[in-house]
Every structure is written in structure tokens, then in C-alpha cells.
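To keep things clear, I will list the structure first and then write my remarks on it.
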Amino acid sequence: MMEFEEIKKVLKQRFPIIMVDRVLDITPGQRIKAIKNISGNDIFLVGHFPQHYIMPGVLITEALAQAASIMISCNDNDDTNKDEFVVLGAIDQMRFFESVKPGYTLVMELNMIKAIDNYFIVQGEAR
């Protein structure tokens, strides 16, 4: 389990774009379960949409990418340079089935599918 202060040490992102509040479970380099709590006070909701707040899909995608980054960065068994940061390179078959609204807790679960050098294939979902 990782609390927010530990997450800030791993991620390169800063306010207002940190999209992981807590890691509930992690097996470094293999799997992660993390959460993002959505509040009506989140700055990204102000314009999306003013009368009907919903979390933008691109930020749900960012939350998944950050959870993957934590899972990869916490792996002590790889040769990645700790001064580098993990970036999202491609998305395959992303779908959105429901809006994420204030008061919701976005639960993200990701699994490592394959690691080739410093490239990683991860599968995950957010509920």
C-alpha cells in the first residue's frame, strides 16, 4: 500500500494533474490496484461541464497511465534509469461505458503483460 506522499515521490506529475490518490495493492512490475477519489472541488471539473460535472475521459486515461507508471517505477528488478520517467506510447481498445462523477472512487487495476527492454505492455481497467 502507498499513501499520497509516497506516490508523489514516484510520479513526476504535480498539482493539479496527479491522478492517483492511493495504491491499495502492488506487486512491483507485475500488478497494481490504485484509486482516485473524485471530488466536486477538483479543478478539472470546473469546465467539464459547468452544469453536469464529469471526469474527462482523457484524465481517466491519465490516471491509468500514472498507475502503470507507479507499477513499473517501483520494480527494483529492471534496468530503467530512475531519473527518467514513464510515458504513455499507445492505447489499444479503450472504451468508456459510464460517466465518472463527483463522489465516485475510480478503482484502477492493471497487470503487466510483457516487458521488452524499457518498453512495457500493460492491460488495465478503471471502474
Side-chain angles (χ1 to χ4, degrees):
M1 189 160 141
M2 293 174 73
E3 298 293 332
F4 190 71
E5 291 303 315
E6 295 171 273
I7 290 167
K8 288 193 326 187
K9 292 176 185 174
V10 176
L11 291 177
K12 304 295 186 209
Q13 291 87 346
R14 291 293 172 255
F15 176 83
I17 202 70
I18 295 179
M19 295 288 132
V20 177
D21 290 329
R22 181 184 299 163
V23 173
L24 301 176
D25 189 25
I26 185 170
T27 303
Q30 293 180 23
R31 64 183 187 81
I32 189 169
K33 183 175 184 178
I35 62 170
K36 168 65 179 159
N37 294 306
I38 313 305
S39 167
N41 292 321
D42 284 324
I43 192 78
F44 56 79
L45 294 174
V46 172
H48 198 267
F49 296 93
Q51 302 303 317
H52 183 72
Y53 288 168
I54 61 171
M55 185 176 187
V58 69
L59 293 182
I60 296 169
T61 305
E62 175 66 22
L64 286 162
Q66 287 182 21
S69 177
I70 293 167
M71 176 182 65
I72 292 164
S73 297
C74 289
N75 187 1
D76 294 329
N77 298 325
D78 66 36
D79 296 325
T80 56
N81 182 339
K82 298 303 179 195
D83 293 329
E84 294 178 355
F85 57 91
V86 179
V87 296
L88 177 63
I91 299 172
D92 187 30
Q93 299 182 11
M94 177 73 106
R95 294 187 194 106
F96 300 96
F97 295 107
E98 185 179 329
S99 298
V100 178
K101 301 174 185 176
Y104 286 21
T105 297
L106 191 67
V107 179
M108 301 164 284
E109 295 188 56
L110 298 99
N111 294 296
M112 178 70 69
I113 301 300
K114 187 185 284 188
I116 305 167
D117 296 325
N118 284 336
Y119 298 92
F120 306 92
I121 299 173
V122 175
Q123 181 178 33
E125 66 179 44
R127 294 186 306 296

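We're numbering straight along the sequence, starting at 1. All values below were derived from every heavy atom in this structure, side-chain atoms included, with hydrogens, water molecules and symmetry-related copies excluded.
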Are [X] and [Y] connected, step by step, through hydrophobic side chains (Ile, Leu, Val, Met, Phe, Trp, Tyr) whose heavy atoms are closer than 4.5 Å?
X: Met94; Y: Leu106; value: yes
X: Val23; Y: Val107; value: no
X: Met1; Y: Met71; value: no
X: Leu45; Y: Phe96; value: yes
X: Leu24; Y: Val10; value: no

| Checking salt bridge (Lys or Arg N to Asp or Glu O under 4.0 Å) for the pair Lys8/Glu5: CA distance, chi angles, key distance, verdict? | CA-CA 5 Å; Lys8 288 193 326 187; Glu5 291 303 315; 3.4 Å; yes
| request: Only counting residues at least two apart or in another chain, list the ones meeting side-chain contact (heavy atoms from CB on, under 4.5 Å) with Gln93. | output: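 By the side-chain contact (heavy atoms from CB on, under 4.5 Å) rule, Gln93 matches Arg95.
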May I have the list of side-chain donor-acceptor pairs in residues 120-127 shorter than 3.5 Å, sequence neighbours left out?
| unit_1 | atom_1 | unit_2 | atom_2 | d |
| --- | --- | --- | --- | --- |
| Glu125 | OE2 | Arg127 | NH1 | 2.8 |
| Arg127 | NH1 | Glu109 | OE2 | 3.4 |
| Arg127 | NH2 | Glu109 | OE2 | 2.7 |

| field | Residues forming a salt bridge (Lys or Arg N to Asp or Glu O under 4.0 Å) with Lys101, sequence neighbours excluded | value |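 With neighbours one apart ignored, the set is empty.
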| remark: Taken in chain and number order and not counting sequence neighbours, the residues that satisfy salt bridge (Lys or Arg N to Asp or Glu O under 4.0 Å) with Glu3 are Arg22
| With a 4.5 Å limit on heavy-atom distance, are the side chains of Met2 and Val20 in contact? |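 Heavy-atom side-chain distance check fails, nothing below 4.5 Å.
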Less than 3.5 Å apart, which donor and acceptor atoms pair up between the side chains of residues 50-67 and the rest of the protein, not counting sequence neighbours?
| unit_1 | atom_1 | unit_2 | atom_2 | d |
| --- | --- | --- | --- | --- |
| Thr61 | OG1 | Gly57 | O | 3.0 |
| Glu62 | OE2 | Gln13 | NE2 | 3.2 |
| Glu62 | OE2 | Gln66 | NE2 | 2.7 |
| Gln66 | OE1 | Met19 | N | 2.8 |
| Gln66 | NE2 | Ile17 | O | 2.8 |

Quiz: residues 25-43 side-chain donor-acceptor pairs under 3.5 angstrom, not counting sequence neighbours:
| unit_1 | atom_1 | unit_2 | atom_2 | d |
| --- | --- | --- | --- | --- |
| Asp25 | OD2 | Arg31 | NH1 | 2.7 |
| Asp25 | OD2 | Arg31 | NH2 | 2.9 |
| Asn37 | OD1 | Thr105 | OG1 | 2.9 |
| Ser39 | OG | Asn41 | N | 3.0 |
| Asp42 | OD2 | Ser39 | N | 2.9 |

